Every structure is written in C-alpha cells, then in structure tokens.
Amino acid sequence: MSTKPVLQIALPVPLPGCYDYLYSGSPAPAQGTRVQVPFGRRTLVGVVHGQTQSDYPKLKAVSAVLDDAPVFTAELYALCERAARYYHHPLGEVLNYALPALLRQGGDAQPSQEKRWRLTERGTHVSDEQVSRAPRQHQALQVLREHPKGLSSAMLNALDVASPALNALRDKGWAEHFVVENGPGISKEVLAEPPLAANGEQQQAIHAIQDAEGFTPFLLDGVTGSGKTEVYLQAMAPQLAAGKQVLVLVPEIGLTPQTVQRFRQRFAVPVTTLHSGLTDRERLDNWLAARDGKARIIIGTRSAIFTPLANPGLIIVDEAHDSSLKQQDGFRYHARDLATWRAQTLNIPVVLGSATPALETLQLARDQRFHWLKLSRRATEQQRPGIEILDATLAPPNQPLLPLSLQAIKQCVDNGNQALVFINRRGYAPMILCQDCGWQAECKRCDSFLTWHRAENNLRCHHCDSQQRVPSRCPSCGSSAIHEAGSGTEKLTELLEQSLPVPVIRIDRDATRRKGELDSKLKTIRQGDPAVLVGTQMLAKGHHFPKLALVVILDMDAGFLSADFRGPEQAAQLLLQVAGRSGREGQGRVLLQTRHPDHHLLQLAASGDYPALASALLEERRMAALPPFGHLALFRCEAMTLGKAMAFLQELAQQPVADGVNVLGPVPAPMEKRAGRYRAQLLLQASQRAPLHQTLERLLDAARQSPQSRQCRWHVDVDPIDML
DNA sequence: AGCACGCCGACT
DNA sequence: GTCGGCGTGCTC
Ligand SMILES: [Zn+2]
Ligand SMILES: [Zn+2]
C-alpha cells in the first residue's frame, strides 16, 4: 500500500483529531487556511492544520481552497490549539468557534466595501445649462456638488436621487461610483481629550502597567467607584501612541454604548466592538479590522478573546471575576484564563480588573505571580457605605420587607432620591401550596417547584420552559384552600406601589422582554425623579444610577448557604456589586435582610471587607483541596433514566487513573431531573494538572468507545464554575 | 453531530 | 405489502 502526502484538516465535528485529504496543488495551503472538503455525505468547511503522509485507503481530495492566505494569525491558531488541548474539545470545533459566522460558512474573508457616488473632476465643471433639459440629472448634480466626499446609493435615494440619473452622469464621465478607502486613519495624536486627574493610587497603577515590559499579569483590585476605567484608559494610551492595539473584555451587560463612547471620546483611534448584537457582516468586518490592524481598540464580550490581532500591546479584562467569562455550554473555556495565556504568548501585559476578584486570581496575586495593584479609595467619594444587617426572621408573616426597610425606602424617596430593592427571584410568588394537605405545585419535568407569575396568571418552571394553569383545587386532596407563599419581584413591586407615592420600576427578565423596554426603563431612572427600582441580577451589573441613595437586599441567603463550593464567593461578589450601586453620588445606605444574621461569612461580606472574606474562603478551599489549591474536571451526563446516566459514568469511574487523581462519584446531580432528563456527574480532583489531563484523556477515550454513550448526552467541563 | 443503513411494529 | 421507529456504524 502506497503512502501519499496529505493535508490534515480540522473539521467542525465533535470527533477528536484531524482528517487527511489529498491535495495536488503547489504550494500546499498553510496552517490556518480554510478549505472545503467532502466528509461522509456532506461538504464541510475545515481548516488546514498541517501536512503529513497517509496510507489510508479511502482518501478523498480537498474540493476547494477558500483563502489565498491563512485566515488565522499564527498566534490565534496556537491559542485555539492550546484551548482545544486544555478543555479537551475537538480542535476543529474550537477553530470553527473562533471564526465569524460568515467565514464558517465559507464566505470570503474580505471586508465589505463601502461604495459612494461623487463627481469626477470634469463633473465639477459642468454648468447647470448643460443639464437644463434633464431635470433629474440636474438635481443629482446639485446634490453631488454639495457632498464632495460622496454619498452612498441609499443616501442618494433618500435625497430623491435615483440610479438612472446617476448612471447617466457616469456615462457622461461626470460622476463615478467609487470604493471608499477606510485607511488606517494615521493621526499623530491619539488623545482626543485630556485624561481625568488620577489620584495617587491610580497614578501608581497606571505607571506600573505603562512601564511593564513583556508578559506582566496585573490584578487591578479596586472597589466600585475607585476609577478602574480611568486606569485602563490612561494605561493604554502609550500602547496606542506606539501604534499597538488594545483588547478589552467586558461582561455582556457592560458593553453599553456609554462604555464604548468613553473609549471613543478619549482616543482618536478606531474603536470597534464584538458582541452578540452585531449582524454577521458587521462581525466579520470588525474581526477583519482587528486582524488587519485597522481597529486599534477592540471591545468585546467573552468570545472576543478569539479576535485575531495584528499588533497587540495590551489585554484588559474588566470585571474579571464575572462568571459570564466562562462559557457554559459546548466549548467551555474561560476567557479570563485564555487572556492570560494570550498575553504570555504575545509577551505583553494583561490587566484583570475587579472589585471582588475571583479567589483563583486573588491567590495568584498573593503568590506574587500577578502584580497586585490596589485602589482602595473611591475616586470621587468618601468611604464605601457599610452594609447594615437586618434580621429577616422578625418580619411579619408573608411580608418580604421588614418595617425598617420600608421605612428607609420611604425616607429615601421623600428626600428626593431613588432606592433599589434587590431580590433575586422573578415572578409573583415562588410557592403555590395547599393549606390543607401541604401539596406544592411542582414541575413535571424537573425536580423543582413552580413559580406563580401573576401578570400572566400561570405557574412557570424556571429550569425548563414548562408552564401550567393555576389550579383552583388541590390536585392532591381537592381542597380549594390554595395559597401562595414567598415573594418575587412582581409581588414586591405591587406591595411597594401600594405603600409609596412614587413610581416603582421593575427590572427583571420578564419585565424587559420586549426590545427597548429595558432601555426606556433605564432612561426613566436616569432622569432622576424619586422612584423605587425592583430588580434581579440584571440590575446588579454595569448600570450607573446617580440618584441611588439606598439599596435593600432581600435574598442573599441561598447563595451563602449554597451546597456549591463557589456559592459564598459568588454571593459575596454579587452582594458587594449590588451594594456598590448605592451612593455613587451623595451618601448611600445599604440594608441586607437575612434569616441568618449570625452567619460568619455573610457578616464578613457585609462588613465590606472582601479581603478578609476571601482569606476565610481560601483557607476553606485549601483544607478541601479545592480550586485554586486543587484542580477539578467534571463529567456531566444526562439520559432518559437516572440509571443510564449513572451506569455510563460508573463505567468511566472504573477506568484506571493517574497518580494523584481522585475520582468522586458518580452521583446524581443536585437537581436530579431537569427538563425531563435525569442527570448525574463524575468529579475528578487532583493537585496537579498533568495527571488530571492524562486521566481525562483516558476517560474521554473510554466514553467515546462505550456503547452506553449512545443513550447519554455527556460532556467534560475543565475547571467547572458551578457543580449544580 | 449528521447521515445512512437496517430490521421490526402498525398502517393506507 | 410499505411507512417509520430509532439502534448501530462511519465519517479521511
Ligand atoms: Zn391539598
Ligand atoms: Zn421544569
């Protein structure tokens, strides 16, 4: 059997490894070039990985090479390879994920061309008399005279200039339809406005980042309102002046026009964004602009970490503790970690900014593997508001708000300010009960109870899409004594509306479902009239409310008491983030209602001493060999029965493991049934990454070969963010 | 993941 | 007799 030279192609299929294809042309396309290949009965767009020899008897040939040069920069390709290895995800799928949709589909890697009409040199000398017999051409001529830089066809149409007239002018050589050159916009001065005055700590941080040479990871640890953004802005200025690019990652919710505007206002360089709101075409254009160095500041969400960069100088990850940086399905990467890898490869600084750093990041700073830049002061204000703990067990029955809280809200709005009530629970009431037999409405497809949504008058499951009518009689005993218990945003809004003379604005997923609804509510809030805001997590992040003088937090308890080892950490982060909404201007007050006023961690968090809380949590993690002191990987599996899910994982658990790897489980997932499927998980724990990865590879092999895998949906999650 | 092939139950 | 259920196997 003869051996032939072949191209190794990475394909977007959930299979490990590359597939080999014959290719006769010369030279062979380089790594990172897209090709079209036959695969089974279909045709796929794949990416050239390399060249090798193959004696596979059924070799097929590449059907087309789609690019003249690789679409991936070498560095981005290497990042994808490393991520594929680390997260044990097929390379072809990772590469596919990194590409804009249009390139995935085989589209041209060319920016869209903006074409405009303008007068030619000859056209500018044409007199009105020469077109007096052609009124439409006359009009077109007049419009074009007023716009020497040219106008798009769409603009001209809007000005009542149609294409026949334009074509006629072109045929006479008076007008032309030309392609606009979006040049790199070379301007000597990158600063478009002077920087704000920075305080001492900000200065220090700015200089540290500016003076960094080569790979230097920073933790910018600054409380809310301490001016992290100003540090980012000033730290990046020299990079931009040197012609470099800066990549900025922000949480989904933080990528607002205001944020982008702040960068655009400061710097006279092209600023581009990458987020889910773009059309495929816009996304491709922005991606190419970054790759080709035309965009100089690239602001994006999680997936923007896969933006190719022509000349990178600095990477910034804002709100670096935010769990939205970890992809929760498919290719489960953590953009914060990839940002650090990337900076390392590129030999540039990376800044992780947070008021409440993830314990992983904090530990790196403690170990001096990250440079720790602290901003303790509020840049514009005095001290942070203390969080007052209120004992919620003293509330009257069925009253979500303590009298003290209600009184504080009243006083706040009486003073002409706004108050925020944070309750992380949508709907009217989270429980529907039978008074006689204790029955509670639960989801048929999940191990969870139904929430009463009064506006739509139905019961809904928050873990799947099922909903049902509110029963008038108990399905268990027939009693008509059905009542609700507990409160969500809806009931709280109603209650506040009844007791206060000011508008109550509800912000949660249900109340902002329609497009533009959120924006209009935010706008109303920013107008500053006295009001009470009621909201879920949606309100916790990103938004700045100048008139907010009081924050009342209603249900943080679940987080602090959560079975998940990250529960308290994430609850504290959320708590401090919500508390930080208050008192940005004018003094603020924060009240925390809890049924566990003596809970140690909660008290620490409420004292505002995040470092002390973090120390306590890190000590617990150390004792339990949990991250960052131990490393985790989680196999999750769901099947039509719990038995099938457990049996499959049991088979994996029986595989031999490397030294130092602990296999825990399998166990049924904390929510055993969800959306009609039964779930189980198998946890791997190790203090060293190498044996963990080795073991993962072995278990993955076993999983792919197991006939049981047919009846299961399963995946592996390296560094899982939550285990619930 | 797709997409085929293939073998058994209940239909026009 | 065929339509269609999903178990099984393969994709260079
Ligand atoms: Zn009953
Ligand atoms: Zn459900």
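Any value given below was found using the heavy atoms of this structure, including those in side chains, with hydrogens, waters and symmetry copies removed. In what follows, every chain begins at residue 1, and chains take the letters A, B, ... in the order their sequences are listed. Please read all numbers here as calculations on a predicted model, not as lab measurements.
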>> Near DNA chain B, counting only heavy atoms under 4.0 Å, which residues of residues 702-717 of chain A show up?
In response: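 Per residue number, the list is empty: none.
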> Which residues within residues 33-53 of chain A lie with some heavy atom under 4.0 Å of an atom in DNA chain B?
Replying inline: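 Going residue by residue through residues 33-53 of chain A, the ones with a heavy atom under 4.0 Å of DNA chain B turn out to be A:Arg41, A:Arg42.
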[X] bridged to [Y] by N-O distance under 4.0 Å:
| X | Y | answer |
| --- | --- | --- |
| A:Asp337 | A:Arg342 | no |
| A:Glu319 | A:Arg336 | no |
| A:Asp717 | A:Lys326 | yes |
| A:Arg566 | A:Asp722 | no |
| A:Lys58 | A:Asp20 | no |

> Does A:Arg426 offer a backbone N or O that forms a donor-acceptor pair with the side chain of A:Asp508 under 3.5 Å?
Replying inline: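 Here the side-chain-to-backbone pair does not exist.
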>> Please tell me whether A:Tyr97 and A:Phe331 form a close aromatic pair, meaning their ring centres lie under 6.0 Å apart.
In response: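 Yes.
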> Which ones in residues 79-90 of chain A lie close to DNA chain C, meaning a heavy atom under 4.0 Å from one of its atoms?
Replying inline: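 Heavy-atom cutoff 4.0 Å gives no residues at all.
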> What residues in residues 22-31 of chain A put a non-hydrogen atom under 4.0 Å from any atom of DNA chain C?
Replying inline: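 Of all residues in residues 22-31 of chain A, none places a heavy atom under 4.0 Å from DNA chain C.
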>> Under a 3.5 Å threshold, yes or no: a donor from one side chain and an acceptor from the other, between A:Ser709 and A:Ser706?
In response: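 Result is no, nothing qualifies.
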> Between which nucleotides of DNA chain C, 5' to 3', does chain A make heavy-atom contacts below 4.0 Å?
Replying inline: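 Terminal contacting nucleotides, 5' to 3': C:dT8 to C:dC12.
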>> By the 4.0 Å heavy-atom rule, please label A:Ile9 as base, sugar-phosphate, or nothing.
In response: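 It contacts nothing in the nucleic acid.
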>> Does A:Arg636 qualify as a cation-pi partner of A:Trp714, given the criterion of NZ or CZ under 6.0 Å from the six-membered ring centre and within 45 degrees of its axis?
In response: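 No, A:Arg636 does not sit over the ring of A:Trp714.
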Residues that [X] engages under side chain to side chain donor-acceptor pair (under 3.5 Å), provided they are two or more places apart:
| X | result |
| --- | --- |
| A:Glu638 | A:Arg677 |
| A:Tyr19 | none |
| A:Gln688 | none |
| A:His275 | none |

> Where is the tightest heavy-atom contact between A:Arg34 and A:Leu103, given as atom of each residue plus distance?
Replying inline: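 Distance-wise, the nearest heavy atoms are NH1-O, 2.7 Å.
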>> Give me each pair satisfying ring-ring contact (aromatic ring centres under 6.0 Å, His included) with a member in residues 661-700 of chain A, each pair once, sequence neighbours excluded.
In response: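 Output for this query lists A:Tyr86-A:His693, A:His88-A:His693.
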> Could you give the start and end, 5' to 3', of the contact zone on DNA chain B for chain A, using atoms under 4.0 Å from its heavy atoms?
Replying inline: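 Counting from the 5' end, contacts occupy B:dA1 to B:dA4.
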> Heavy-atom distance under 4.5 Å between the side chains of A:Leu309 and A:Ile298, does that happen here?
Replying inline: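 SC-SC contact between A:Leu309 and A:Ile298 confirmed.
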>> List the residues meeting salt bridge (Lys or Arg N to Asp or Glu O under 4.0 Å) with A:Glu697, not counting sequence neighbours, and say none if there are none.
In response: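 Partners of A:Glu697 by the salt bridge (Lys or Arg N to Asp or Glu O under 4.0 Å) criterion, ordered by chain and then number, come out as A:Arg704.
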